**Q** 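Quick one: the structure is below, questions incoming.
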Amino acid sequence: MTDRSPVVEAFAARVLDWHARHGRHDLPWQREPTAYRVWISEIMLQQTRVATVIPYYERFLQRFPDVAALAAAPLDEVLHLWSGLGYYARARNLHRAAQQLMARHAGAFPQTPAEVAGLPGIGRSTAAAILSLAYGQPLAILDGNVRRVLARHAGIEGWPGAPAVLARLWTLAEALAPRERTGTYNQAMMDLGATLCTRTRAACTRCPVAADCSARRSGRQRELPAPRPVRSLPVRRTRMLLIEDDGARVLLERRPPAGIWGGLWSLPECPVEADVPGWCCTRLGLRVERRGRLAGFRHTFTHFHLDIEAERLQLAGCAGRLMDDGGWLWYNPRLPDALGLATPVSRLLASLRSDPDPEEIRR
DNA sequence: AAGTCGGGGAC
DNA sequence: GTCCCAGACTT
């Protein structure tokens, strides 16, 4: 570590003093900040807001109170408790990491940033968060909050997603982080970014480091950090099939382990231009009768729009193939199993429950 | 360096 | 509608 000038020391001191009086102190993962609890929270909070995470976190910790419980659980159940939260690779990695912790570290966390960052789903910042918040290790973090605060305070130009800009921010983050009370300081920086130095309205009058803030001085709070370069999202289309058997159970298929909704259960999808009964016969080995279309809707991902059409079908017979490789199941929407479901699928199954015999819906 | 991976709240 | 959120991983 390098020497701290008085000004630099004053930065952490001001942030810590502000945190003691105005920081958040009662988030669910702060009450008993063990490495396990901090770890789960940090993974859930990747690219996800605190308010969204809290109910998921409570359910997850109740079902999986420790590493051993998580490692022993079936992946389907982990994905079930993750359904709706997004970025499902996080859940798969969490499950794998728990099993590695059991196998290689007797269920405990390793104590070096390199070892922690070697676990699936844990990068540099998350590793530093776990070790500083749970064990007080003097490691700097650089999440979206800290990026925004530092980019404004130091007047750093460029989009933080660019590696060169990110490198500058890491250097600055390490230079400013105090060696004592690092966990509290990291929490304080996140609170500062989440409650004062927000994206659209920086509350500089209440900020403890406004006096020497570059963006504040130049009035460029709105311009820093620079936004991601614009890109237009392509539009894809699909048709989801709600095939019901005599017991009003719906056919689900398991998605491949990687890619969109990896490892989740979803509805069969047929191309929008295909003949539906013919497609069901040749691809699923099922004879079906059409029962009408549901209202279409758009689902937007990070990198494309998906326009989803949905059609309801009644099973009229089986041509004799399929249904024995574990990739399919008949799902009762009224007695849900502990499975991971993509949000549009949950939405369609819910509409089925609320409308057991719908009329044809027009857009 | 760029692309992949969700969903929803804020605007 | 757009933008981004307590990012990591793959190519």
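Every chain is numbered from 1 and lettered A, B, ... according to where its sequence line falls, protein lines coming before strand lines. Below, all heavy atoms of this structure are taken into account, side chains as well, without hydrogens, waters or symmetry copies. These figures come from a predicted structure and were not determined experimentally.
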**Q** On the nucleotide B/dC11, are OP1 or OP2 found under 4.0 Å from the side-chain N or O atoms that A/Arg201 carries?
**A** yes
**Q** Could you run down the sub-3.5 Å N/O contacts of the protein with nucleotides 3-5 of chain C?
**A**
| residue | atom | partner | partner atom | Å |
| --- | --- | --- | --- | --- |
| C/dC5 | OP1 | A/Arg148 | NH1 | 3.2 |

**Q** When the side chains of residues 194-203 of chain A are checked against the rest of the protein, which donor-acceptor pairs come out under 3.5 Å, sequence neighbours left out?
**A**
| residue | atom | partner | partner atom | Å |
| --- | --- | --- | --- | --- |
| A/Thr195 | OG1 | A/Asp191 | O | 2.7 |
| A/Thr198 | OG1 | A/Arg201 | O | 2.8 |

**Q** Which part of the nucleic acid, if any, lies within reach of A/Gly161 when heavy atoms closer than 4.0 Å are counted: base, sugar-phosphate only, or nothing?
**A** nothing
**Q** Of the nucleotides B/dG6, B/dG7, C/dA6, which has the atom closest to the A/Asp143 side chain?
**A** C/dA6
**Q** What residues, two or more places apart in sequence or in another chain, satisfy side-chain contact (heavy atoms from CB on, under 4.5 Å) together with A/Ala97?
**A** A/Trp39, A/Leu119, A/Pro120
**Q** Kindly point out which of C/dA8, C/dA6, B/dT4 is positioned nearest to the side chain of A/Leu27?
**A** C/dA6
**Q** In this structure, how many angstroms lie between the P atom of B/dC5 and the NE2 atom of A/His303, rounded?
**A** 4 Å
**Q** When the P atoms of B/dC11 and C/dA6 are compared, how many Å lie between them, rounded to an integer?
**A** 13 Å
**Q** What is the distance, to the nearest angstrom, from the CG atom on A/Leu142 to the P atom on C/dA6?
**A** 13 Å
**Q** Round to a whole Å and report the spacing from CG of A/Leu79 to P of B/dG6.
**A** 11 Å
**Q** I need the single residue from A/Thr182, A/Ile141, A/Val116, A/Thr112 that forms a side-chain contact (heavy atoms from CB on, under 4.5 Å) with A/Leu131. Which is it?
**A** A/Val116
**Q** Rounded to whole angstroms, how far apart are CZ on A/Arg90 and P on B/dC5?
**A** 15 Å
**Q** Is there a donor-acceptor pair under 3.5 Å between the side chain of A/Arg293 and the backbone N or O of A/Glu309?
**A** no
**Q** How many whole angstroms separate atom CZ of A/Arg298 from atom P of C/dT2?
**A** 9 Å
**Q** On DNA chain C, check which nucleotide each of A/Asn93 and A/Ser41 is closest to and give me the residue with the more 5' one.
**A** A/Ser41
**Q** With respect to the phosphate group of B/dG7, does any side-chain polar atom (N or O) of A/Trp261 fall under 4.0 Å of OP1 or OP2?
**A** yes
**Q** With rounding to the closest Å, how many angstrom separate the C1' atoms on B/dG6 and C/dC3?
**A** 15 Å
**Q** Please determine if a side-chain N or O atom of A/His299 lies less than 4.0 Å away from the OP1 or OP2 oxygen of B/dG6.
**A** no
**Q** Under the side-chain hydrogen bond (donor to acceptor under 3.5 Å, both in side chains) test, which residues partner A/Gln137, sequence neighbours left out?
**A** none
**Q** Can you tell me which residue pairs pass the side-chain hydrogen bond (donor to acceptor under 3.5 Å, both in side chains) test with a partner in residues 155-172 of chain A, sequence neighbours excluded?
**A** A/Glu157-A/Arg220
**Q** Test of understanding: with side-chain contact (heavy atoms from CB on, under 4.5 Å), list the residues that count as partners of A/Asp17, not counting sequence neighbours.
**A** A/Arg21
**Q** Given B/dG7, C/dA6, C/dG7, identify the nucleotide with an atom nearest to the side chain of A/Arg24.
**A** C/dA6
**Q** Closest approach of A/Met189 and A/Leu150, non-hydrogen atoms and distance?
**A** CE-CD2, 3.8 Å
**Q** Residues in side-chain hydrogen bond (donor to acceptor under 3.5 Å, both in side chains) with A/Arg92, at least two apart?
**A** none
**Q** From CG of A/Leu94 over to C1' of C/dG7, roughly how many Å is that when rounded to an integer?
**A** 14 Å
**Q** Which residues pass the side-chain contact (heavy atoms from CB on, under 4.5 Å) test with A/Arg347, not counting sequence neighbours?
**A** A/Phe297
**Q** What is the distance from CD1 of A/Ile43 to C1' of B/dG6, rounded to the nearest Å?
**A** 16 Å
**Q** Take the protein atom CD1 of A/Ile308 and the nucleotide atom C1' of B/dG6, then report the distance between them rounded to whole Å.
**A** 12 Å
**Q** Please state whether the phosphate of C/dG7, meaning OP1 or OP2, lies under 4.0 angstrom from any side-chain nitrogen or oxygen of A/Thr126.
**A** no
**Q** Over 60° means perpendicular and under 30° means parallel, so classify the ring planes of A/His19 and A/His25, tilted if in between.
**A** tilted
**Q** Closer to the 5' end of DNA chain B via nearest nucleotide, is it A/Tyr88 or A/Thr52?
**A** A/Tyr88
**Q** Specify the residues of residues 183-193 of chain A, ordered by number, for which at least one heavy atom lies under 4.0 angstrom from an atom of DNA chain C.
**A** A/Gln187, A/Met190
**Q** Output all residues satisfying side-chain hydrogen bond (donor to acceptor under 3.5 Å, both in side chains) with A/Ser41, sequence neighbours left out; order by chain, then residue number.
**A** none
**Q** Looking only at side-chain N and O atoms, does A/Thr343 come under 4.0 Å of OP1 or OP2 in B/dG7?
**A** yes
**Q** Using a cut-off of strictly less than 4.0 Å between a heavy atom of the residue and any atom of DNA chain C, enumerate the qualifying residues of residues 110-122 of chain A by number.
**A** A/Leu119, A/Pro120, A/Gly121, A/Ile122
**Q** Under 4.0 Å, counting only non-hydrogen atoms across every strand here, what does A/Trp82 touch: a base, just sugar-phosphate, or nothing?
**A** nothing
**Q** Does A/Ala162 or A/Leu341 map to a spot on DNA chain B nearer the 5' end, using the closest nucleotide for each?
**A** A/Ala162
**Q** Listed by chain and number, what are the side-chain contact (heavy atoms from CB on, under 4.5 Å) partners of A/Arg63, not counting sequence neighbours?
**A** A/Ala73, A/Glu77, A/Leu81
